[in-house]
A.B. asks: 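Quick one: this structure, given as structure tokens, is what I'll be asking you about.
Every number for a ligand or one of its atoms is a count from 1 in the order of the listing. Heavy atoms only: backbone and side chains are in, while hydrogens, waters and symmetry mates are out.
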Amino acid sequence: MKPTMGTATSKQWLDRLWALKLPRRFKVMNVCGGHERSIAMTGLRKALPENVELVPGPGCPVCVCPEESIYQAIQLALSEKVILVAFGDMLRVPVNVRKNEIRTLEQARAAGADIVPIASPLEAVRIARDNADRRVVFFAAGFETTTAPVAAMVAEGMPENLSVLLAGRRTWPAVAMLLQSEAPGFDGLVAPGHVSTVMGPEEWAFVPEKHRIPAAVGGFTAESLVAALYSVLRQLVEDRCFLDNCYPEVVRPGGNPSARRQLDATMEVVDANWRGIGTIPASGYALRAEFAAHDTERIYPSFNDVMRKRAGQMPPGCDCARVVLGRIYPDQCVLYGRACTPRSPVGPCMVSDEGACRIWWSSGIRAPRDAARAHA
Ligand code: SF4
């Protein structure tokens, strides 16, 4: 019996994948930290034919959060005496500062700043309500799936003492930038299920339609991921390309209309800086002018420090930007497992749970790549 979406096991999809007659080596990119985690933890790479490569791409919002935004959050917490709330991942992400200066939110907290890790915008609202005599800044970094609940919070009305330092990013423009470059570095795309749930799978139609590259939306189960990979490889073998939805039980045409409405109502799309990568057109969100009273960038001083910016976006030696763009694998960074580990991270990709370096470390890869080892 042929496997179909919803009934087939990952083993059945893998069997079909192995039965494909791949004429050459193919590289397939995923752009979701959740996908990369599932791939690394299940050991999927080792179960694939030699000539199939799975490369992690821009799937970690914390990793691309601009250095200046993190620095701004640190300085607001230290100098303006606000309560700074942020998703837990952000607390250990380092910025470039002179030796002996505070370089993470965690260090700022140890130095006395009032910084609280949170898991959802609801907690930010609760903290603001419980501290009506204090000013609370919500440092909100994330892709569409994280930014949509922030938009809902803004749309529904926020406490007066709460403002947002927004570092929301859109995923597809980063993939578009790669595809417009001379060497995109991949032959097929497994598109992110989470983002597609909110924004609709149609956002990824440009990949096959404009760039003639096969794409399939994948979920987070092994079945859905391998089905998406199989779909992309089969399209490559058959010299076809279309957008396949291999997560139909969750991803619906048009996405989540209410979340999209709230995003549109509260935020505008802007060109945005991606850490170590630079400005990507139409890749970020900014609060609309009518919410200026809750926009941290408009109501607090800027702590943008030119001297600090000259030091560069990434810590010296950190190859996170190339990891994020899928140009190298995490263990191809010379610092991986040596100077850089989760206990002592050098760059953001080793801090965040969605960072490829941290995921690879957690999956048991503990040393930089041996030059002789070609296949991760
Ligand atoms: S191993 Fe560390 S230094 Fe190297 S790219 Fe990853 S986070 Fe950056």
Side-chain angles (χ1 to χ4, degrees), residues 27 29-37 39-41 45 53-71 73-74 86-99 101 103-107 141-143 167 169 174 177-178 183 185-186 273-278 280 308-309 311-371 373-376:
K27 205 167 185 178
M29 178 176 274
N30 75 76
V31 289
C32 170
H35 280 173
E36 185 52 32
R37 180 161 291 278
I39 291 164
M41 295 305 170
R45 286 189 175 87
E53 274 192 70
L54 260 179
V55 60
C60 169
V62 168
C63 304
V64 301
C65 179
E67 215 242 354
E68 62 267 21
S69 298
I70 305 169
Y71 185 74
I74 292 171
F87 296 123
D89 274 20
M90 288 303 312
L91 265 59
R92 296 184 70 213
V93 179
V95 293
N96 287 331
V97 287
R98 283 180 288 266
K99 231 179 170 182
E101 283 184 32
R103 59 181 55 238
T104 64
L105 286 165
E106 193 176 58
Q107 288 178 2
F143 287 146
R169 294 290 178 269
M177 183 202 73
L178 281 173
F186 60 97
N273 187 20
W274 291 50
R275 188 172 185 177
I277 295 167
I280 302 180
R308 183 190 54 79
K309 281 189 87 175
Q313 280 278 309
M314 287 295 179
C318 173
D319 237 340
C320 268
R322 291 205 299 155
V323 169
V324 166
L325 293 176
R327 302 294 192 211
I328 62 167
Y329 288 103
D331 61 348
Q332 287 177 306
C333 169
V334 291
L335 302 186
Y336 182 90
R338 291 187 177 126
C340 184
T341 64
R343 190 179 285 258
S344 175
V346 174
C349 297
M350 191 59 94
V351 177
S352 170
D353 282 341
E354 293 182 287
C357 297
R358 180 163 188 136
I359 292 170
W360 278 43
W361 178 273
S362 306
S363 74
I365 300 170
R366 294 294 161 90
R369 179 178 295 228
D370 177 341
R373 192 157 53 92
H375 193 60

A.B. asks: Tell me, which protein residue and heavy-atom name are nearest atom 6 (Fe) of ligand 1, and how many Å apart are they?
C.D. replies: Cys357 SG, 2.4 Å

A.B. asks: Please report whether the ring centroid of Trp360 lies less than 6.0 Å from that of Tyr336.
C.D. replies: no

A.B. asks: Taking all heavy atoms of Ala167 and all of Cys65, pick out the closest pair and write down the distance.
C.D. replies: CB-SG, 3.9 Å

A.B. asks: Could you tell me which atoms of ligand 1, counted from 1 in the order shown, lie closer than 4.0 angstrom to a heavy atom of Tyr336?
C.D. replies: 1 (S)

A.B. asks: Do me a favour and list the nearest non-hydrogen protein atom to atom 4 (Fe) of ligand 1 with residue, atom name and distance?
C.D. replies: Cys333 SG, 2.3 Å

A.B. asks: Tell me the closest heavy-atom pair linking Pro66 and Asn273, and the distance in Å.
C.D. replies: CG-O, 3.3 Å

A.B. asks: Any N/O/S of Cys318 under 2.8 Å from atom 8 (Fe) of ligand 1?
C.D. replies: yes

A.B. asks: Give the contacting part of Cys340 toward ligand 1: side chain, backbone, both or neither, where contact means a heavy-atom distance below 4.0 Å.
C.D. replies: side chain

A.B. asks: Which pair of heavy atoms, one from Trp274 and one from Ala174, lies closest together, and at what distance?
C.D. replies: CH2-CB, 3.5 Å

A.B. asks: Taking non-hydrogen atoms only, is Cys320 closer than 4.0 angstrom to ligand 1 via side chain, backbone, both or neither?
C.D. replies: both

A.B. asks: Heavy-atom distance under 4.5 Å between the side chains of Pro94 and Val346, does that happen here?
C.D. replies: no

A.B. asks: Is there a side-chain contact between Val97 and Gln107 in this structure, where contact means two heavy atoms from C-beta onward sitting under 4.5 Å apart?
C.D. replies: no

A.B. asks: At less than 4.0 angstrom from any non-hydrogen atom of Met350, what atoms of ligand 1 do you find?
C.D. replies: 7 (S)

